[in-house]
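Whatever order the structure lists them in is the order used to number ligands and atoms, beginning at 1.
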Amino acid sequence: MVKLFDAHCHLQDPRIFNKVPQLIRTAVDTGIVCFAVNGITEKDWHLVKQMSESYPSVIPCFGLHPWFVTERTPNWLSTLKEFFESTPSAAVGEIGLDKGSRGREIDFTDQIEVFRQQLELAKELKRPASVHCVRAFGDLLQIMKSVGPFPDGVILHSFLGSAEMVPEFSKLGAYFSFSGFLMSMKESKAKKMLKSVPAERILLETDAPDALPKSNNFDSLFPIEGDDSLPAGFQIQGEDSTSNCCSPSQNQSQDARDASAQPKETLNHPANIHYVLKYVASLLEMSEEELADLSYRNALHLFSYKGSKVLLEG
Ligand SMILES: [Zn+2]
């Protein structure tokens, strides 16, 4: 079985938090050895920390995501630093810049200030930083040039930039991480871009619970649908479908299922990284085994900073 490393996900997300034990078990069973779980606001850093203490496979990452900069407290940076002090195995993320995804308008001056402070912190701590960038690659490059270079790595997560951008970011120490979002990019453009990325800088991720890979080309994608059902093939121990248990919650969820004719949001989870692997390998014209091995070794190298769990596990 191939080994895989989910270089960027959000298992602390409230939409999937209660399913984490099953999601991790299934992912581990299909060869996913590590999960870099990225916090996004001051409010979820403790959940990420707890998860990393419960699961040896979870690499904690703490960061303030650009979508949440307006709700930061005056002490956000000192709180963040405390999390790093008490969690030597942590990396930085998710941080970044966003000029208008999903119609969000967040003061860009604020975003830049918060991003720069966290990027400087990552450099000072000698940890990789997981970066979100939407329509702001020019600003990102400028800031990375002024703060960098980054010998400990910067992960451009769910990268959807062009082939032309790759060399400059690469020179500064960037890794390029690919998720199901890549399937939304024109195939010829994605192929050209992928082929421009140095082999030792390629990573794979799910960004779960977002970025569900498109399932058109695949036979058996296991989605998580809604809040009250498990992905196909998943069972909570002692609560299988044949049980006669009539707990109120079970009745309630049955009612909810019957009542909901409207489509439910479909959520992603780490085991779906296999579909990302399949897609990226096909565009790179590599075997899945070869890409799995390459991206896994890249992730191990990147996450082997001082204090890291990866390093401790050898
Ligand atoms: Zn993310």
Side-chain angles (χ1 to χ4, degrees), residues 4-17 19-20 23-24 27 32 34-45 47-49 51-52 57-69 71-72 80 83 90-104 106 111 114-115 118-119 122 127-137 140 153-161 169 174-185 202-214 224 265-273 275-276 280 295 299 302-303:
L4 287 162
F5 194 125
D6 188 345
H8 183 105
C9 61
H10 305 278
L11 300 181
Q12 86 287 4
D13 188 289
R15 292 170 290 168
I16 55 169
F17 186 70
K19 300 185 184 90
V20 162
L23 298 183
I24 288 187
I32 300 136
C34 283
F35 314 85
V37 174
N38 282 245
I40 53 175
T41 87
E42 287 170 82
K43 291 174 194 154
D44 72 4
W45 296 339
L47 293 176
V48 172
K49 184 171 166 63
M51 205 176 280
S52 81
S57 53
V58 167
I59 315 284
C61 308
F62 304 120
L64 182 54
H65 189 288
W67 292 356
F68 302 95
V69 295
E71 44 186 83
R72 71 192 187 281
L80 182 61
F83 269 91
V92 176
E94 179 172 351
I95 63 176
L97 298 171
D98 194 316
K99 275 184 172 168
S101 70
R102 295 196 201 172
R104 289 168 202 257
I106 296 150
Q111 287 193 40
V114 168
F115 174 63
Q118 296 182 101
L119 201 58
R127 310 286 166 83
S130 208
V131 171
H132 163 114
C133 183
V134 174
R135 295 180 197 154
F137 282 107
L140 176 64
V154 163
I155 303 165
L156 301 183
H157 109 84
S158 285
F159 186 68
L160 292 176
F169 281 110
Y175 284 67
F176 302 82
S177 182
F178 303 103
S179 70
F181 282 126
L182 190 67
M183 297 173 186
S184 67
M185 196 174 181
I202 295 176
L203 300 173
L204 300 177
E205 62 166 87
T206 58
D207 203 17
D210 296 314
L212 184 73
K214 282 187 194 166
I224 308 173
E265 187 180 19
T266 304
L267 301 171
N268 194 11
H269 60 96
N272 287 334
I273 199 169
Y275 298 100
V276 179
V280 175
S295 59
L302 177 63
F303 284 94

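Distance check for H10 against the Zn ion (ligand 1): an N/O/S atom falls below 2.8 Å. Taking backbone and side chain together, C9 holds no N, O or S atom under 2.8 Å from the Zn ion (ligand 1).
Aromatic ring centres of F5 and F303: separated by under 6.0 Å.
Without hydrogens or angle criteria, Q111 side chain to D98 main chain gives a donor-acceptor distance under 3.5 Å. Formation of a donor-acceptor pair under 3.5 Å by the Q12 side chain with backbone atoms of W45 is not found in this model.
Looking at E94 and the Zn ion (ligand 1) together, the shortest N, O or S contact belongs to OE1. Looking only at its N/O/S atoms, D207 has OD1 as the one nearest to the Zn ion (ligand 1).
For the residue pair N38/H10, the side-chain donor-acceptor check at 3.5 Å is not satisfied.
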